[in-house]
Structure formats: C-alpha cells, structure tokens
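The next block holds one structure in the form of structure tokens; read it before the comments.
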Amino acid sequence: MRAEWHRTCPPVGAQLKMAILEEDLKNLCGLSREVMFVASREQGILAVNRELEALLGFSESELAGRRIGEIVYPDDRDETETALRTSAIGLPFAIENRWATRSGEWRLISWVLECTPERIYGAGQDITAERAAEQALGHSAAELKLITDRLPALVSYLDTDGRYAQVNETYASWFGMDVERMIGLRAQDVLTERFGRDYWEQLRPCLDRALAGTPCRTEAHALYPAGERYFEVHYQPHFDANGRVRGVIALVIDMTNRKFAEIDLAFRAALLDNALEPIFAWSPGGEIIYWNPKAEKIYGYRREEAMGSRSHDLLKSVLPLPQDQFDAHLAETGEWRGELRHTTKSGELLTVESRMRVMELAGRRVVVESNRDVTARRAAELELRESEERYRFTVELSGQIVWTADAQGAVEAFSELAYELTGATPEESLGVGWFHLLHAEDKASTKTAWRAAVESGTAFDVEHRIRMRDGSYRWMRSRSFPRRGATGEIIRWYGTTEDIDGRKRAELTIAELNRDLERRVEVRTRELADINKELETFAYSVSHDLRAPLRAIDGFSRILLEDEAQRLSEAGVRCLDRIRANAQRMGELIEDLLQLSRVGRQPIEPRKIDLTSIAREVVENLRRQEPGRSAEVRIEPGMVAFGDARLIRIVLENLLGNAWKYTGKKAEASIEFERARAADGAAWVVRDNGAGFDPAYSHRLFAPFQRLHRDTEFPGTGIGLATVARIIRRHGGRVWAESEQEKGAAFYFTLGGDIAESGA
C-alpha cells in the first residue's frame, strides 16, 4: 500500500476504505509467490500470506499480534527496530533478518519494506539456502557482493559511461542473455532494444542524477507481449575513496502485482463514492462516519449534515425488530439483510433493501450499510397483487372457466368453477384437459384443432359440448392464446371456457328457421318468376291490343282530314285534330308505360361506361329533331361511371330531353351536364335555365303521371322521371331536384357510390 494514498484521502475516509478493502488485500497477499506480511506499529502483525505461514510453520492466528522484534533473531532485533523506526514514510527500503520457525531453526529473509504512520508492509524472499551456498562457495568480487548480498531483486552495476560492469543472473535472464555477454553493453542500448525508447526515456533522468552523485528512485512501465508491467527502479551512486562517483548500483523491483493491487484498491475505493446505491458506515454507537454521494442524493442530507448523526435517528429507520434485539443480532452474526423503512430529509417515505456488515477498522468496530431503493417496485408489486385479485374476482363473476397449459399443450390448472360444473376431479382432468368430458361428436375435431394450435403457435378457438355434473351436455366456447418468452418461444398457454349453450341453441334454431325460410323463398321466387312471365305476356297483349285501335283511329282521322277536309266545317277539322293528338298521346303513354315496366324487369349488366360520350349522342339526336333550335349545351369531358349502359342512356335521354324541352321558350337557352359531389360519394347533375318548377311540389316529380306543367305549355306523359327514378334505384343510387320557377332546374343523381374517373 502506497503511503501517498493515505496522505491524499481524508483520514476517516481512508480508514474506512482500508477496512472495506482489507479482505481484498489479504486475498492478494494469498496469491503472491513471495512471503508477505502486514503489521500495525501498535498492534503487531495483522496478516500474513500462505507462503510465510508455510515457511515459518506458524498459522496467521498464531502470528497475529506479535511484534516483528519478537520474531526475528536476537542479534537482528536492534537493526530491524531501528530501521523500522527511522525509515522514511512511503520510501521502500531493503533489509535482511532471520525469523524463527516452529521447528526452532532460523530462516534468513531478504525484505523490501514500506512504512506508513500506522502500517508496515513487507514482501521478501527466503534466502537462507542462497546465503548458505554463498558462504560455502566464498565471496565473489566486491562489486558483485555489493549488488547481490542485500537486495533480493534484479541488480546491476553501471560504470560512469552507463555500461554494465556487473549484473546478477536474474537480471541477465530477464533479457535472455548470460552474464558475460551483458558486461560492457550500454544500458541505453539494451533497454531501448528490449522495451523501446519510451522506457529508456523514463529511466534516463534518474540515472543521470545518480551519476551526478544523488540517489534516485523512479517508476517505469513497459509493454510485454502478455501485457503492461510496472517496475520500481533504485539508482544508488557508488563512490571511490576520494568521493568520486565510481558507478551506479541499479536495483529493479517488479511491482506489477503491487501496482495493479493499488490501482484495484483505488478503483474499488472510487466505486464506493460512485456506487449507484447509497452506502454509509456507522460506529457501534450509531454515529455516521462515512456517507457516499449517492446517499446524499437519495436521502437529501449532505455529507456534512450526516456525519456524526445517529443513522437510525437521522433516517427515522423502521426496523423489523426492536432496537436492542436488532443490535444483538447484528453483533452476533456480523451481518444483516432485509427491508427497512427510511424517511428522507424532505419527508418522503422510502422502502429499501438493506445490507449491513460488521467490519474492523484499526481496531475499531464499524457497520457498513448499503441500501437499494425499492419503493417503486414494492408499489408495483402491490398494484400487481391487487390487479390479480381484481382479475380473479372478475373471472369468477363472469362465469368463465380459466385454465393454463404448458408449452406442449398439457393442461396445468383449472379454476374451481370447472370442477363445480362438471363434477370432474383434478386428477382426471389435469394434463388431458376437457377431452374426457367432450361429446363424442366433438372429440376428434377439438383434439385436432388444439394440436394444430400448439404445433403452429396460433390462437385456439373452438365450440364444443361438455358433459355436466348431471350428465347433460352444454355448448361451450374454449379459447387460448400463447405467451412467449424474450426469444419468441412459447412458455405457456392461457385459456378461458365460457358457457354459450343458450346462444348456441338459439343459433341452431335460427339456422333451422333460415333453412325453412330459404325453402319458402325459393318457392315464392319461382311463383314470382311465373307471375312476371304472365305480366310480360299481359303487357305485350295490352300493348298490341291497345295500339291496333289507336292506329286505326289515328289513321282514319288522318284520311278524313286529307280527303274530306273541304266538306268539313272548321269545328269538325278541329275535332279530328284533337282526336289524332289524343290517339298519338295515348300511344306515347302506352310506350312509356311499357318502357317503365321493362326497366323494372330487365337484368342489369353493369360495366364501365362513358357518360360524356352518351350525353353527346343524346344532345346530337335532340338537335337533329329540331334543327332550327338554338341552345348552348356544355358537357364536362372525361366523365366515367359504372352501370348498365342501356339504362343509363334512358336516364340521360329523359333528363337532357326535359332540359331541352323546358328551355324551349328561352331566347338564350343553356344546358349543362357535369360532375357534382354528394354526401354519399360521386354524383352528376343536369342543369338548365328553363321554366323550372315550384319546389313545394318537388315530391311529385318522380311519381308516374305526375306533371307540374299543363300540356298546353309543355307536352309529356309524366312517365319519364318515374322511369329515371326506377333506373337509379336499381343501381343503388338516388335522384333529386332543385329549382325555382322561371329560374331553371337542376337534377342530381348518384349510382350507388361508384366513383367517377377523370380521363379514363
């Protein structure tokens, strides 16, 4: 642990974070291949790793609380205690001493120690065997002895030119070389070639200081194929007898694990401050000693307000147990999990999932508490339970049976109503569902439909009969829909079965009545067809029998006028003219009646028709009949409709013929045929500026033989507009008129909602 970290954090926060991360540090020590310990200046050893336990033969609990001076060899105690007492805070230093083992022997350990005002951190290697071998083989050269005797790390000796004068085996193997090959090489070249120029640039300023006579320590990092590694490098100048720098002793310590541990500890500490949940800690008396930013946001109390307050009083905690029992449980078990009720500074009541853990901080017992706000979730759960309860009551009141099935279609559950109605038991119903209760005629079709729905994943909707408790069968409607998971797979089927017996029996009765009605309609249709044939025969007979005497009357009257006119008086001539006119009018009337009769009987053959073209032909025929007549006729181009071309021509002949007739007395006659709009779709209109009519009598326009003008003013039979109305009705449309006397008239018609198409 770096001393600087302690100095940059608030004392309380630093202690708390150390306590929270103590277990992580202990686990890290347990993974190291070096022997390690953590000691308190006041309380002695706090923790050791497994390697140190194995080396000494003592467990961590046996070593806990013992001071380092009590463990090391008596001759090494003064030097060790002096070094620990006088060491610079945060500056690692090396020391060797002998530690007692359970078997009574002493193991020589080479340590690199780092001290803080409260802690001592040590990492070392057992060099007992190595030192014994050195003593057995004799001392090496003075330079090598100076480098290797005291430092258990990568060591080298550089001359004043920055060339290697001596290296240990570990250092040489670090570069994949032997010792002899490295001697004489420039450190700059070796390090640049191995790690790149950036690495050398990190070391050069510190080496220059050491060559100038000032010890220097620095940190550097290099990229390995396996990842980034961190090194702690110490340069110690070596002086000759005259005080001149003779060379530099280089000590390189691989601090990658320690660096990553520091980064991890700092990261974890930052996580506390940036946690998404409120986290705080309190002393055994309940006084808050840590309060993270999320706690400030959730509860509304700033850190300065919360610190020193009793947590349960500040938050008005509603505990699941009396306070004394709750505290006793926490003290006995060391942790607690459950729900609490807290009140924020603004008075809002929160439900939280709380986790509390008792920890030790510098010999002081604290409780770390983290909470998760579940107020909204609990409200949603309550609403869901109430919704489910409402749904259950609704289902029960509706009289429907509710059931579920698994993804393969096996029925898992029925509501109680199913068993009440049928008398069946869950044992005989679950899995197979309704099938054992179905009417024999419905079993095969219902099973097939259910299997098809399960295999295809589509909705199931079938009507069938089910045997009731009393043995009778009732019609039911069963429906089911699949519920799918996040990836689309079916996880369950939800279904309902409702009693439709009354409706079904009514439908069957209606169906039988409809079949009977269809038979009766068929008979009546045949009878009407026979009657229509008889009417057609009658109409033809009437037409033939009436026309013959009328033609005779008209013919003989014409002969008298031609042959005997000189012998007749003026009154006689007028009588014959009137006889002829009435005979002709009677013929026209018969013809119009026959046409009206045919319009009502002949079948409609609808197709796309060109209204503009038909209207132009009708107007051209009117002009040929009265070549001396002058009238302005405007027909909108491109009018298209859907209907029977023969019948629509009759409509236009009547409407345009009426407009032509009733504008006959106008000096400047004007007739228009164009599109119009109606509430029920496309419409067309024939307008004129003729005589018009009294709108009070417009209801008589489309009835047979109803005329709004005298024969002496405008001839006609009163059948034309009735024929128009019948044709339009047969097309599913309607016809109406608008007019004022002497201001013209406008006749509108639609054709059952069919649209007009421009330019088609």
Review point. Does D516 come within less than 4.0 Å of R519, counting only side-chain N to carboxylate O?
Key: yes
Check your understanding: Could you give the distance from CZ (R734) to CZ (F749), rounded to the nearest 0.5 Å?
Key -> 12.5 Å
**Study point:** Test side-chain contact (heavy atoms from CB on, under 4.5 Å) applied to H731 and I648, step by step
**Key:** CA-CA 10 Å; H731 279 77; I648 298 303; 3.9 Å; yes
Point to revise | E353/R377 ion pair, N-O < 4.0 Å | key: yes
Exercise for review: Compare all side-chain heavy atoms of L611 with those of F673 and state whether any distance is below 4.5 angstrom.
Suggested key: yes
Exercise for review: Mind checking the CD1-CZ spacing from I500 to R477? Nearest 0.5 Å is all I need.
Suggested key: 7.0 Å
Review point. Do the side chains of E512 and R515 get nearer than 4.5 Å, heavy atoms only?
Key: yes
**Study point:** Neighbour count above 12 (heavy atom, 6.0 Å) for R378 CZ
**Key:** yes
Practice item. Say whether T351 and T375, considering side chains only, have a donor N or O and an acceptor N or O under 3.5 Å apart. Key: no
Check your understanding: Is the shortest side-chain N to carboxylate O distance from E420 to R469 below 4.0 Å?
Key -> no
**Study point:** From D499 atom CG to L417 atom CG, the distance as rounded to the nearest 0.5 Å
**Key:** 9.5 Å
Review point. Does atom CD of E507 have more than 12 heavy-atom neighbours, drawn from other residues, nucleotides or ligands, at distances under 6.0 Å?
Key: yes
Review point. Side chains of W660 and E626: donor-acceptor distance under 3.5 Å anywhere?
Key: yes
